Amino acid sequence: MTENGIKDTITMQPDKIIYVSCNPKTLSRDLKIFKNYGYQCEYVQPVDMFCQTTGLECVAKLVKIV
């Protein structure tokens, strides 16, 4: 996701966001950006959808800090 995509998502002011990522490195980068805009990551669940590859998908739940 681009930073503009994150900003567009935040303008909708959702109470929670489910973020599905196929790259843990960019997920980490994006979670820091979301944190700067008032969202906190409650948990991250790794999911190995394609076990024949070296990739790893992750599902993260973000909630708006009140």
Side-chain angles (χ1 to χ4, degrees):
M1 185 179 280
T2 65
E3 188 164 0
N4 283 339
I6 292 171
K7 288 178 183 178
D8 289 343
T9 301
I10 291 167
T11 60
M12 293 184 277
Q13 301 180 4
D15 291 330
K16 58 185 161 189
I17 299 167
I18 304 299
Y19 188 126
V20 180
S21 175
C22 61
N23 186 337
K25 189 180 228 181
T26 57
L27 174 63
S28 174
R29 176 200 68 199
D30 294 349
L31 291 179
K32 290 174 188 173
I33 297 170
F34 273 108
K35 183 177 180 181
N36 291 337
Y37 286 99
Y39 286 84
Q40 172 181 312
C41 182
E42 277 195 346
Y43 65 85
V44 176
Q45 176 66 54
V47 180
D48 190 4
M49 293 180 62
F50 306 102
C51 57
Q52 69 278 13
T53 69
T54 59
L56 180 68
E57 294 70 42
C58 294
V59 179
K61 180 182 178 188
L62 290 78
V63 293
K64 190 172 187 177
I65 301 169
V66 262

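These figures come from a predicted structure and were not determined experimentally.
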**Q** Taking all heavy atoms of L56 and all of P24, pick out the closest pair and write down the distance.
**A** O-CD, 3.6 Å
**Q** Let me confirm one number: the CD1-CD distance from I18 to E42, rounded to the nearest 0.5 Å.
**A** 9.0 Å
**Q** Tell me whether T9 contacts the main-chain N or O of G5 through its side chain, where contact means a donor paired with an acceptor under 3.5 Å.
**A**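 Looks like yes, one N/O pair under 3.5 Å.
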**Q** For the residue pair K16 and K61, what are the closest heavy atoms and their distance?
**A**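 K16 and K61 have their closest heavy atoms at CD-CE, 4.1 Å.
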**Q** Could you grab the distance from atom NZ of K32 to atom OH of Y37, nearest 0.5 Å is fine?
**A**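 Between K32 NZ and Y37 OH, I get 15.5 Å after rounding to 0.5 Å.
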**Q** Using 0.5 Å steps for rounding, measure from the CD1 atom of I6 to the CE atom of M1.
**A**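 That separation rounds to 6.0 Å.
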**Q** Could you report the tightest heavy-atom contact between A60 and C41, atom names first, then the distance?
**A** CB-SG, 4.2 Å
**Q** Is V20 linked to M49 within one hydrophobic cluster, defined over Ile, Leu, Val, Met, Phe, Trp and Tyr using a side-chain heavy-atom separation of less than 4.5 Å?
**A**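 As far as the 4.5 Å side-chain criterion goes, M49 and V20 are connected within one cluster.
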**Q** Under a 4.5 Å side-chain heavy-atom rule over Ile, Leu, Val, Met, Phe, Trp and Tyr, are V63 and V44 clustered together?
**A**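 No, separate clusters.
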**Q** Got L31 and L27 here, is their nearest side-chain heavy-atom distance under 4.5 Å?
**A**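 Answer yes - side chains close enough.
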**Q** Hey, could you give me the CD/CD1 distance between E3 and I10, rounded to the nearest 0.5 Å?
**A**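 Rounded to the nearest 0.5 Å, the CD-CD1 separation comes to 8.5 Å.
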**Q** May I ask you to test the Y39-P14 pair for a side-chain heavy-atom distance under 4.5 Å?
**A** yes
